[in-house]
Amino acid sequence: MARSRSLSSNKWRYLNPAYYLKRPQRLALIFFGFVALTLVVWDRQMMLRDHEAEVSKLKEEVIQLKNLLEEYKGEETQGSKATPSQKKVVPDDPIDVQRREKVKEAMVHAWSSYEKYAWGQDELQPQSKNGINSFGGLGATLIDSLDTLYIMGLHEEFQRAREWVANSLDFNKNYEASVFETTIRVVGGLLSAYDLSGDKIFLEKATDIADRLLPAWNTPSGIPYNIINLGSGNAHNPSWTGGDSILADSGTEQLEFIALSQRTGDPKYQMKVEKVIAELNKNFPADGLLPIYINPHRGTASYSVITFGAMGDSFYEYLLKVWIQGNKTAAVKHYRDMWETSMKGFLSLVTRSTPSSFAYICEKNGDSLNNKMDELACFAPGMLALGSSGYGSGESEKFLSLAEEDMIVGTSWNILRPETIESLFYLWRMTGNKTYQDWGWNIFQAFEKNSRTESGYVGLKDVNTGVKDNMMQSFFLAETLKYLYLLFSPRSVISLDEWVFNTEAHPLRIVTRHEQEQSGGGLEGQQRSFVRSRARKVGRQAFN
């Protein structure tokens with residue numbers, strides 16, 4: 001027994017630090033062994049991370065090859081069944097390829113400057129080489145850029161942005177957020193990244209921020225307040241509106257929230273935003289033109305200006321696009337009906353300058369027309385072109401012809417806005433007229449000459465003097481460069497038969513809606529339709 005106890009105590013001596021202090025060689029051996037083991041584990045983790053990134057990249061490339069193969073097969077078998085936009089195949093000629101590559105290089109320059117000087121912040125100030133949190137520190141430029149990076153095939157950049165979203169994006173902030181801006185940039189950007197990549201982290205984050213926005217719709221009429229604190233959920237309207245909600249800010253969440261309900265199967269998002277349209281439709285005017293201020297308690301319009309520019313524009317845009325998003329079925333026909341009614345009023349606002357006879361869109365105040373058209377209204381030709389195909393013969397040609405007329409705007413500044421490029425993109429897609437590509441290329445070259453700096457792109461305070469500002473707006477990466485890239489890409493890249501763009505140029509997949517799904521019910525059918533479409537195609541990227 002004594003021997004047994006002695007052996008046992010000898011074993012425990014190895015746990016006594018004093019044992020090793022008397023034997024420094026053994027202590028050094030253990031230390032080096034620990035360091036070696038740590039290095040081996042760290043090396044394996046790095047290898048595993050690199051392997052996962054490579055596998056993810058290879059999976060994307062396999063998907064792209066499958067999409068291309070399916071596209072070629074489809075073109076062989078479609079024949080006379082092809083839709084009009086599929087029949088208008090524009091060859092991917094060398095000039096288009098060169099221009100597309102130049103636009104892609106511009107995106108790389110803008111993005112790398114943002115990464116270097118403003119990573120994770122909302123926007124870059126290129127002149128002073130620093131970031132600024134103009135949207136509460138939600139990473140507006142990063143989220144706005146996700147789908148542009150993906151479509152252009154910038155895999156490594158997309159993956160770095162994805163990691164920031166997964167690990168650093170936090171919406172629990174004491175910040176008074178614009179419901180409109182947060183919806184179109186953040187919810188729209190995340191949903192588009194999800195639709196393109198299938199990565200559920202984007203859907204999870206989109207759901208998180210949408211849940212924080214939802215209390216804004218808790219008003220007597222269902223017309224939302226336009227400002228909400230992301231941390232507390234307290235909502236209100238800007239003081240300068242006299243308590244009213246803004247038309248565009250209240251009617252430009254439908255695409256994103258309907259898409260979110262379809263992707264999650266939860267009807268609450270769709271029900272909130274569709275109630276807004278139902279409320280406005282109760283007393284919709286005969287000319288379809290609503291003033292920019294809406295009372296959130298009564299749901300009625302307040303006396304104010306009527307415009308297709310700031311604070312009015314995207315309400316009309318979304319009437320058309322929700323109809324497209326639902327695949328133009330009877331369940332969404334009331335959106336198209338409201339849009340066509342608004343187009344009757346729109347025609348009454350179109351005026352021509354003298355003696356040049358350029359078309360422009362007036363604003364209306366009461367019975368008086370104001371000869372003013374701001375730069376945001378330059379989206380209108382693209383909207384008319386997109387909506388023209390829903391009319392019968394005669395009306396369709398009339399609206400497309402109007403869309404193709406010159407529209408002028410009288411502002412002298414340029415902050416890299418996308419609206420003109422957006423219209424050129426739609427006009428080229430709908431007509432195949434390469435003149436629109438040439439105009440877009442001229443605009444791009446002007447950006448390169450006048451707005452490019454060593455650390456990004458800036459706007460111009462005055463295009464006549466060339467004086468630069470100090471801001472690279474997030475929409476330059478989200479919209480302007482994306483529309484330019486698509487302007488020189490084949491029609492199959494984000495096909496208008498499969499995708500609809502939100503007002504921040506984030507493409508969302510079209511999902512067929514049916515009668516029983518009109519007010520949020522029957523979302524299981526929409527989910528199945530979305531899953532089937534994702535199984536067929538996961539975007540059609542050019543990846544040049």
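Quick caveat, the model's predicted, so the values are computed rather than measured.
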Give the ring-plane orientation class for W119 versus W164, where under 30° counts as parallel, over 60° as perpendicular and anything between as tilted.
perpendicular
Y269: partners by ring pair (Phe, Tyr, Trp, His ring centres under 6.0 Å), with sequence neighbours left out:
none
For N433 and W428 the tightest heavy-atom approach is O-CD1, 3.4 Å
Smallest separation among heavy atoms of V165 and K205, with atom names
O-CE, 3.1 Å
Over all heavy atoms of both residues, which pair between G188 and N502 is shortest? Give the atoms and the distance, please.
CA-ND2, 3.9 Å
Determine yes or no for a side-chain-to-main-chain donor-acceptor pair under 3.5 angstrom, with S112 supplying the side chain and H109 the backbone.
yes
Does this structure show an ion pair linking D438 with K434, if we count only N-O contacts that are shorter than 4.0 Å?
no
Kindly write out the residues that satisfy side chain to side chain contact (heavy atoms under 4.5 Å, CB included) with K328, not counting sequence neighbours, or none if the list is empty.
W323, I324, S389
Can you list the residues that meet the side-chain hydrogen bond (donor to acceptor under 3.5 Å, both in side chains) rule with W439, with sequence neighbours excluded?
none
Which residues share a side chain to side chain contact (heavy atoms under 4.5 Å, CB included) with S423, sequence neighbours left out:
P381
Residues in side-chain hydrogen bond (donor to acceptor under 3.5 Å, both in side chains) contact with S192, at least two apart in sequence or another chain:
D147
Crowding at CD1, I95 (>12 non-hydrogen neighbours, <6.0 Å)
no
Out of Q325, E274, Q254, which one pairs with Y335 under the side-chain hydrogen bond (donor to acceptor under 3.5 Å, both in side chains) rule?
E274
In the structure I gave you, are the side-chain heavy atoms of L384 and F346 within less than 4.5 Å of one another anywhere?
yes
Close side-chain approach of R162 and Q159, heavy atoms under 4.5 Å
yes
Indicate, with yes or no, if the rings of F425 and F501 have centres closer together than 6.0 Å.
yes
Would a 4.5 Å heavy-atom cut-off, applied to side chains only, mark I277 and V322 as touching?
no
Between E340 and K344, is there a side-chain N and carboxylate O pair less than 4.0 Å apart?
no
Does a donor on one side chain and an acceptor on the other come within less than 3.5 Å for E256 and T183?
no
Does a side-chain heavy-atom distance below 4.5 Å link R263 with R509?
yes
K321: partners by salt bridge (charged side-chain N to carboxylate O under 4.0 Å, His left out), with sequence neighbours left out
E317
Would you mind writing out the side-chain donor-acceptor pairs for residues 452-460 within the sub-3.5 Å range, not counting sequence neighbours?
residue : atom : partner : partner atom : Å
R452    : NH1  : E105    : OE1          : 3.0
R452    : NH1  : E448    : OE1          : 3.1
R452    : NH1  : Y457    : OH           : 3.1
R452    : NH2  : E105    : OE2          : 3.0
T453    : OG1  : S455    : N            : 3.2
T453    : OG1  : G456    : N            : 3.4
T453    : OG1  : G456    : O            : 3.1
E454    : OE2  : K129    : NZ           : 2.9
S455    : OG   : P126    : O            : 2.7
Y457    : OH   : E448    : OE2          : 2.5

Salt bridge (charged side-chain N to carboxylate O under 4.0 Å, His left out) partners for E115, two or more places apart:
R160
Compare all side-chain heavy atoms of M383 with those of D313 and state whether any distance is below 4.5 angstrom.
no
The criterion is salt bridge (charged side-chain N to carboxylate O under 4.0 Å, His left out); which residues satisfy it with E181, sequence neighbours excluded?
R185
What's the shortest heavy-atom distance between L190 and A206, and which atoms?
CD1-N, 3.6 Å
Run the side chain to side chain contact (heavy atoms under 4.5 Å, CB included) check on H506 and D144 step by step: do they pass?
CA-CA 8 Å; H506 297 307; D144 251 351; 2.7 Å; yes
Test item: R513 and I258 side chains (from C-beta on) under 4.5 Å apart, heavy atoms:
yes
Any non-hydrogen side-chain atom of S314 less than 4.5 Å from a side-chain atom of F180?
yes
Checking N327 now: which residues fulfil side-chain hydrogen bond (donor to acceptor under 3.5 Å, both in side chains) with it, not counting sequence neighbours?
T512
Between R429 and D497, is there a salt bridge with N-O shorter than 4.0 Å?
no
Taking only residues two or more places apart in sequence, or in another chain, which ones meet S396 in a side chain to side chain contact (heavy atoms under 4.5 Å, CB included)?
S388, Y391
Holding to side chain to side chain contact (heavy atoms under 4.5 Å, CB included), I want the full list of residues that pass it with D337, two or more places apart in sequence or in another chain.
K333
Is there side-chain contact between L402 and L347, with heavy atoms separated by less than 4.5 Å?
yes
